[in-house]
Asks: 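Let me begin by handing over the structure; questions about it come next.
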Amino acid sequence: MSLPIAPPLQPQLALSRKQLPEGDGYCYEIKLDGFRCLAFVEGEELYLQSRNGRPLGRYFPELDFPDGRYVLDGEIVVRDAAGHEDFDALGQRIHPAKSRIERLAGETPAVYVAFDILAREDESLLALPFVERRAALEALLAGDGFDAAPVELMPTVASAAEAEVWLQGAEGAIAKEREAPYRPGERKGMVKVKRVRTIDAVVVGWRPGKAQGTVGALILGLYDGGELRVVGHCSGLTAKEKKRLVSFLKPYETGERGSGDPSRWSAGRDLEWIGLRPELVVEIDFDHVSAGRIRHGAKLRRWREDKDPRECTYEQLSV
């Protein structure tokens with residue numbers, strides 16, 4: 001390729017914050033649940049690059065970009081029947097078998113959501129303010145061929161108040177400095193705020209920590225009808241709490257223990273576990289659910305001695 005910007009290129013990254021910055025100096029975007037991807041297009045040639053510099057194109061043959069000479073930054077997503085991002089289905093697309101990739105390309109087609117343009121024709125746009133790059137992106141996607149392509153323009157709003165809806169029902173929100181240039185590999189000019197959710201869950205077991213005589217994680221369950229389903233784990237315990245919990249949990253142990261039971265405890269990983277009677281309840285923070293499980297490790301907020309374990313229902317994950 002003879003583009004003014006060539007792969008591999010590190011994408012600009014965002015700083016994590018607990019609250020969105022406010023003011024006229026920012027614009028706001030929804031935080032998607034997909035694969036970050038840079039798209040390099042020259043004529044009919046397309047190269048898709050992952051966040052860590054690896055090629056993605058073979059996994060998404062349905063992503064066909066209109067001919068031209070441009071470089072985009074965006075996200076590859078797969079949506080379910082309700083229009084929500086389905087990260088589990090997206091993850092299934094990364095597979096070595098060509099036949100499986102082609103089948104899934106038809107069953108769970110991906111789309112590319114563009115939120116920045118880095119080059120156009122022979123011009124690098126990295127030094128331009130974001131608002132000027134955004135205008136150039138809108139002009140490109142309004143051109144020939146994009147109306148039928150699996151390429152979408154990222155929605156944007158002008159105020160933090162308008163973006164708050166994404167902190168309630170989506171993955172979160174991104175705030176971008178309107179006058180910031182594009183800084184590859186740097187966490188500048190962008191802020192991300194993840195949606196944080198809270199539920200009450202039953203402690204159904206625990207996993208030993210790396211240090212002897214400590215608890216590394218609490219295994220969490222929720223009642224789905226009459227069935228207690230394991231939905232994830234809670235880690236991030238303090239050193240003091242890790243030691244205290246060994247004796248605290250001892251009276252609740254069922255005697256059931258083992259290693260590598262993926263259907264109940266480890267989601268495919270070979271991890272030691274100790275079962276507990278479903279009598280203890282914790283309130284935890286987490287930020288995402290995928291395929292009926294908390295995808296990232298939850299954080300312990302407090303113990304709920306006042307909560308009946310039967311009140312910890314699976315419906316909490318859909319709120």
Side-chain angles (χ1 to χ4, degrees), residues 9-21 26-39 48-54 56-57 59-60 62-65 71-94 104-105 108-118 130 133-134 137-138 140-141 146 149-160 162-177 180 182 184 187 189-197 286-291 293-296 317-318:
L9 178 73
Q10 290 184 301
Q12 184 179 15
L13 303 174
L15 281 169
S16 294
R17 291 287 185 265
K18 293 184 177 181
Q19 291 184 321
L20 288 171
Y26 292 93
C27 56
Y28 305 85
E29 298 173 352
I30 187 172
K31 184 180 184 298
L32 298 175
D33 192 23
F35 291 162
R36 184 76 176 273
C37 177
L38 299 180
L48 299 179
Q49 177 208 300
S50 72
R51 172 176 167 171
N52 58 9
R54 297 179 180 177
L56 284 174
Y59 303 114
F60 301 97
E62 73 274 28
L63 292 182
D64 184 22
F65 286 59
V71 179
L72 302 181
D73 190 0
E75 196 129 351
I76 298 174
V77 299
V78 168
R79 298 192 177 103
D80 61 20
H84 302 129
E85 288 111 49
D86 188 341
F87 191 85
D88 187 58
L90 180 65
Q92 296 296 319
R93 300 296 303 276
I94 307 301
L104 291 178
T108 57
V111 296
Y112 184 87
V113 183
F115 48 68
D116 212 332
I117 181 168
L118 312 185
F130 173 71
R133 300 197 311 274
R134 171 74 187 197
L137 176 65
E138 292 176 359
L140 177 72
L141 268 59
F146 280 96
V151 181
E152 301 176 0
L153 178 66
M154 168 67 77
T156 184
V157 296
S159 70
E162 293 174 281
E164 281 292 328
V165 64
W166 296 327
L167 298 179
Q168 305 300 321
E171 286 300 297
I174 305 287
K176 294 186 174 181
E177 295 180 18
Y182 192 95
R187 294 187 184 273
M190 297 169 56
V191 168
K192 64 181 178 182
V193 179
K194 293 183 179 181
R195 176 190 180 192
V196 178
R197 302 162 66 180
F286 68 102
D287 59 25
H288 189 73
V289 175
S290 179
R293 294 180 67 93
I294 297 169
R295 200 173 84 210
H296 303 301
L317 295 185
S318 61

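All figures in this text were calculated on a predicted structure; none of them were measured in a lab.
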Asks: Do L72 and L137 have side-chain heavy atoms sitting under 4.5 Å apart?
Replies: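 With C-beta onward as the side chain, the pair touches.
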
Asks: Would you say T108 and D86 make side-chain contact, with heavy atoms under 4.5 Å?
Replies: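 Heavy-atom side-chain distance check fails, nothing below 4.5 Å.
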
Asks: Quick one: does any side-chain atom of E162 pair with a main-chain N or O of S159 as donor and acceptor, under 3.5 Å?
Replies: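 Yes, the answer is positive, given that a donor and an acceptor are paired below the 3.5 Å cut-off.
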
Asks: Run the numbers on L63 and I76 for side chain to side chain contact (heavy atoms under 4.5 Å, CB included), then give the verdict.
Replies: CA-CA 9 Å; L63 292 182; I76 298 174; 3.8 Å; yes

Asks: Hey, is E62 close enough to R93 for a salt bridge, meaning N to O under 4.0 Å?
Replies: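 Looking at R93 together with E62, the answer is yes, because their closest N to O distance falls below 4.0 Å.
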
Asks: Going from CH2 on W166 to CD on E164, what distance comes out if it is rounded to the nearest 0.5 angstrom?
Replies: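 Going from the CH2 atom of W166 to the CD atom of E164 covers 11.0 Å.
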
Asks: Do L13 and R51 make a side-chain contact, defined as non-hydrogen atoms from C-beta onward lying under 4.5 Å apart?
Replies: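 Yes; the side chains approach each other to less than 4.5 Å.
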
Asks: Would you mind reporting whether M154 and L32 have side-chain heavy atoms less than 4.5 Å apart?
Replies: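 When only atoms from C-beta onward are counted, M154 and L32 do touch, with a gap below 4.5 Å.
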
Asks: Using the side-chain hydrogen bond (donor to acceptor under 3.5 Å, both in side chains) rule, collect all pairs that involve residues 72-82, keeping only residues at least two apart or in two chains.
Replies: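 As it turns out, the side-chain hydrogen bond (donor to acceptor under 3.5 Å, both in side chains) pairs with a partner in residues 72-82, which skip direct neighbours, are R36-D73, D73-Y182, R79-E152.
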
Asks: Indicate yes or no for a side-chain donor-acceptor contact from E177 to the backbone of Y26 under 3.5 Å, with no hydrogens or angles considered.
Replies: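 Side chain of E177 to backbone of Y26: no pair is present.
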
Asks: To the nearest 0.5 Å, how far apart are NZ in K194 and CD in E171?
Replies: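 It is 8.5 Å, given to the nearest 0.5 Å.
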
Asks: If I compare all heavy atoms of L141 with all of A114, which pair ends up nearest, and what's the gap?
Replies: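 Looking at all heavy atoms of both residues, the closest pair is CD2-CB, 4.3 Å.
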
Asks: Mind checking ring-ring contact (aromatic ring centres under 6.0 Å, His included) for Y28 and listing every partner two or more places apart, or none if nothing turns up?
Replies: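 In terms of ring-ring contact (aromatic ring centres under 6.0 Å, His included), with neighbours along the sequence ignored, Y28 is linked to no residue.
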
Asks: Rounded at 0.5 Å granularity, tell me how far CG in L167 sits from NZ in K31.
Replies: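 Rounded to the nearest 0.5 Å, the CG-NZ separation comes out at 11.0 Å.
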
Asks: Output the distance between atom CG (L48) and atom SG (C37), rounded to the nearest 0.5 Å.
Replies: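 Answer for the CG-SG pair, L48 versus C37, is 4.5 Å.
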
Asks: Report the distance from atom CD1 of I174 to atom OG1 of T156, rounding to the nearest 0.5 Å.
Replies: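 Rounded to the nearest 0.5 Å, the CD1-OG1 separation comes out at 11.5 Å.
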
Asks: How about L90 and V77: do any of their side-chain heavy atoms sit closer than 4.5 Å?
Replies: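 L90 does not reach V77 side chain to side chain.
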
Asks: On a heavy-atom basis, which atom in F60 and which in A110 lie closest, and how many Å separate them?
Replies: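 So the minimum-distance heavy-atom pair works out to CD2-CB, 3.7 Å.
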
Asks: Calculate, to the nearest 0.5 Å, the distance between atoms CZ and CZ belonging to F35 and R54 respectively.
Replies: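 So the CZ of F35 and the CZ of R54 are separated by 12.0 Å.
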
Asks: Show, in sequence, the C-alpha distance, side-chain angles and deciding distance for V193 and Q19, and conclude whether the side chain to side chain contact (heavy atoms under 4.5 Å, CB included) test is met.
Replies: CA-CA 6 Å; V193 179; Q19 291 184 321; 5.6 Å; no

Asks: Can you confirm whether more than 12 heavy atoms, excluding those of R187, are under 6.0 Å from its CZ atom?
Replies: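 Yes, enclosed.
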
Asks: Can you confirm whether F286 sits close enough to L317 that some side-chain heavy atom of one is under 4.5 Å from a side-chain heavy atom of the other?
Replies: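 Of all side-chain heavy-atom pairs linking L317 with F286, at least one is under 4.5 Å.
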
Asks: Listed by chain and number, what are the side-chain contact (heavy atoms from CB on, under 4.5 Å) partners of F130, not counting sequence neighbours?
Replies: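 By the side-chain contact (heavy atoms from CB on, under 4.5 Å) rule, F130 matches C27, E29, D116, R133, R134, K176.
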
Asks: Any chance the rings of Y112 and F65 have centres within less than 6.0 Å?
Replies: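 Aromatic pair counts; centres sit under 6.0 Å.
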
Asks: Which heavy atom of P21 sits nearest to which heavy atom of V191, and what is that distance?
Replies: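 Smallest interatomic distance, heavy atoms only, reads CD-CG1, 4.0 Å.
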
Asks: So does L9 get a backbone contact from the side chain of Q49, meaning a donor-acceptor N/O pair under 3.5 Å?
Replies: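 Yes; judged by distance alone, with no hydrogens or angles, the pair exists.
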
Asks: How about I117 and L140: do any of their side-chain heavy atoms sit closer than 4.5 Å?
Replies: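 A side-chain contact under 4.5 Å exists here.
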
Asks: Below 4.5 Å, heavy atoms only, C-beta onward: do Q12 and M190 meet side chain to side chain?
Replies: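 In contact.
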
